[in-house]
Amino acid sequence: MDSYLHYTHAELALWQHQLKKKPGLGGRLTHGVQNKINSWIPEKVHKVVTAAIENMVKVVLTGSSWIVPKPDESLTLKQREFKVRSRIKWYRNTASVEGAVTGAGGILMGFADFPAFLTIKMKMLFDIAALYGFDTKDFQERLFLLYVFQLSFSSQQRRNDLIGLIENWEEYRETLPKDFKEFDWKTFQLDYRDYIDLAKLAQLIPVVGAGVGAIANYRLTEHLGRYAMNAYRLRVLE
């Protein structure tokens with residue numbers, strides 16, 4: 001095993017170990033509070049938010065699939081990951097600028113950040129998938145992107161449930177939703193919203209919103225990129 005492959009396996013093993021930890025007390029309390037708040041919100045509101053996120057994600061998933069780089073099977077793992085890190089850096093910086101601009105505009109511009117930032121993150125996932133050699137025109141590959149996204153932005157308890165699916169994708173893929181209508185969009189939007197609420201809430205405050213938006217988008221994009229890299233490593237290193 002060459003040194004880079006050894007390093008990759010070690011980093012992947014550490015990531016898996018961190019994902020499978022039991023939820024800490026702080027995480028359980030936060031998740032409990034968020035669940036309680038969600039229970040107070042009328043089901044009609046949940047349906048509206050779920051439909052909005054579902055539609056936005058569908059637009060990105062169907063649109064982005066036509067403009068991603070073609071998978072290149074001739075690259076070594078080291079070459080692939082050099083390109084992947086470069087793309088993550090580019091999207092991370094783009095998201096940071098977008099967060100600063102929308103954050104500087106206060107509440108109204110802050111709301112505009114949601115679809116823009118979601119598009120940036122999803123587009124990054126398409127690029128990463130292609131660089132690892134996967135064709136995202138395939139519906140199941142786009143479904144994999146959704147599960148990677150959900151794994152990245154969810155509670156520790158939820159991650160414990162999802163990591164097994166990601167680790168055994170080939171075994172589970174035939175039992176998964178056959179189209180987007182069957183996907184659990186409500187859980188998807190609750191996981192995502194609960195995860196980013198605290199990180200993004202201060203972005204709506206005038207004056208400080210620009211700095212908060214820049215930092216939050218930077219960190220959240222980098223976080224998603226790291227999770228995506230390791231999720232695809234699980235498949236290419238089998």
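Counting from 1, the numbers follow the sequence of the chain as shown. The figures that follow rest on heavy atoms only: side chains count, while hydrogens, waters and symmetry mates do not.
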Student: So how far is it from Arg85 CZ to Arg226 CZ, rounded to the nearest 0.5 Å?
Tutor: 12.0 Å
Student: Same cluster for Ile88 and Trp90 if Ile/Leu/Val/Met/Phe/Trp/Tyr side chains link at under 4.5 Å?
Tutor: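 Yes, it is one cluster - the side chains of Ile88 and Trp90 are joined through contacts under 4.5 Å.
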Student: Going from NZ on Lys121 to CG on Leu224, what distance comes out if it is rounded to the nearest 0.5 angstrom?
Tutor: 7.5 Å
Student: Return yes if some donor-acceptor pair links the side-chain N/O of Arg92 with the main-chain N/O of Arg219 below 3.5 Å, else return no.
Tutor: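 Pair absent, no side-chain N/O of Arg92 close to backbone of Arg219.
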Student: Ignoring hydrogens and geometry, is there a side-chain-to-backbone donor-acceptor pair from Ser152 to Val148 under 3.5 Å?
Tutor: yes
Student: Using the side-chain contact (heavy atoms from CB on, under 4.5 Å) rule, take Phe149 and Leu145 through it: C-alpha gap first, then chi angles, then the decisive distance, then the call.
Tutor: CA-CA 6 Å; Phe149 190 95; Leu145 296 185; over 6 Å; no
Student: Output, in order, the C-alpha distance, side-chain angles, deciding distance and verdict of side-chain contact (heavy atoms from CB on, under 4.5 Å) for Leu5 and His9.
Tutor: CA-CA 6 Å; Leu5 197 56; His9 276 284; 3.9 Å; yes
Student: Hey, does the side chain of Asp184 reach the backbone of Thr187 with a donor-acceptor pair shorter than 3.5 angstrom?
Tutor: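 The answer is yes, because a donor-acceptor pair under 3.5 Å joins these two groups.
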Student: Kindly work out whether a path of hydrophobic side-chain contacts (I/L/V/M/F/W/Y, heavy atoms less than 4.5 Å apart) joins Leu234 to Val236.
Tutor: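 Linked within one cluster.
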Student: Quick check on the 6.0 Å ring-centre criterion: do Phe153 and Tyr227 meet it?
Tutor: no
Student: Please check: side-chain N/O of Glu141 versus main-chain N/O of Ala129, any donor-acceptor pairing under 3.5 Å?
Tutor: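 A pair under 3.5 Å: no.
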Student: Once you round to the nearest 0.5 Å, how far does CD1 of Ile166 lie from CD of Gln150?
Tutor: 9.0 Å
Student: Could you measure the distance from the CD atom of Glu167 to the OH atom of Tyr172? Nearest 0.5 Å is fine.
Tutor: 10.0 Å
Student: Please say yes or no: joined through hydrophobic side-chain contacts below 4.5 Å, possibly via intermediate residues, are Phe126 and Leu75 part of one cluster?
Tutor: no
Student: Please say whether more than 12 non-hydrogen atoms of neighbouring residues, nucleotides or ligands are located less than 6.0 Å from NZ in Lys78.
Tutor: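 Open.
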Student: Of the non-hydrogen atoms in Ile128 and Ala228, which two are nearest, and what is the gap between them?
Tutor: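 Between these two residues, the closest heavy atoms are CD1-CB, 3.9 Å.
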Student: Quick one, Arg159 with Gln156, criterion side-chain contact (heavy atoms from CB on, under 4.5 Å). Give me CA distance, side-chain angles, the key distance, then yes/no.
Tutor: CA-CA 5 Å; Arg159 287 173 183 168; Gln156 184 62 49; 4.0 Å; yes
Student: Report the distance from atom CG of Leu12 to atom NE2 of His17, rounding to the nearest 0.5 Å.
Tutor: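 Going from CG on Leu12 over to NE2 on His17, the span is 13.5 Å.
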Student: Between CG of Leu118 and NZ of Lys123, what distance do you get to the nearest 0.5 Å?
Tutor: 14.0 Å
Student: Cluster question for you: counting only ILVMFWY and a side-chain heavy-atom cut-off of under 4.5 Å, with indirect links fine, are Leu77 and Tyr7 together?
Tutor: yes
Student: Does the ring centre of Phe183 sit less than 6.0 Å away from the ring centre of Tyr147?
Tutor: yes
Student: How far apart are the closest heavy atoms of Asn217 and Ala95, and which atoms are they?
Tutor: ND2-O, 2.9 Å
Student: Grab the two heavy atoms, one from Thr8 and one from Arg233, that are nearest each other, plus how far apart they are.
Tutor: CG2-NE, 3.3 Å
Student: So Met122 and Leu146, side-chain contact (heavy atoms from CB on, under 4.5 Å) or not? Walk me through it.
Tutor: CA-CA 9 Å; Met122 283 293 180; Leu146 283 182; 3.9 Å; yes
Student: Could you tell me which non-hydrogen atom of Pro177 sits nearest to which non-hydrogen atom of Leu143, and how far apart they are?
Tutor: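 What the structure gives for the nearest pair is O-CD2, 3.6 Å.
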Student: Of Lys83, Arg80, Arg235, Glu81, which meets side chain to side chain donor-acceptor pair (under 3.5 Å) against Tyr132?
Tutor: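 Option passing the side chain to side chain donor-acceptor pair (under 3.5 Å) with Tyr132: Glu81.
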Student: Out of the candidates Phe144, Tyr232, Trp169, only one should pair with Phe134 under the ring pair (Phe, Tyr, Trp, His ring centres under 6.0 Å) rule; please name it.
Tutor: Tyr232
Student: Give me the atom names and distance for the closest heavy-atom approach of Asn160 to Lys20.
Tutor: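 Taking every non-hydrogen atom into account, OD1-CA, 3.4 Å.
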Student: Could you tell me how the ring of Phe188 sits relative to the ring of Trp185: parallel (under 30°), tilted (30 to 60°) or perpendicular (over 60°)?
Tutor: perpendicular
Student: For Ile163 and Leu151, work out which heavy atoms get closest and say how close.
Tutor: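 Residues Ile163 and Leu151, closest heavy atoms: N-CD1, 4.0 Å.
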Student: Are Val84 and Tyr4 grouped together when hydrophobic residues (ILVMFWY) are joined by side-chain heavy atoms under 4.5 angstrom apart?
Tutor: yes
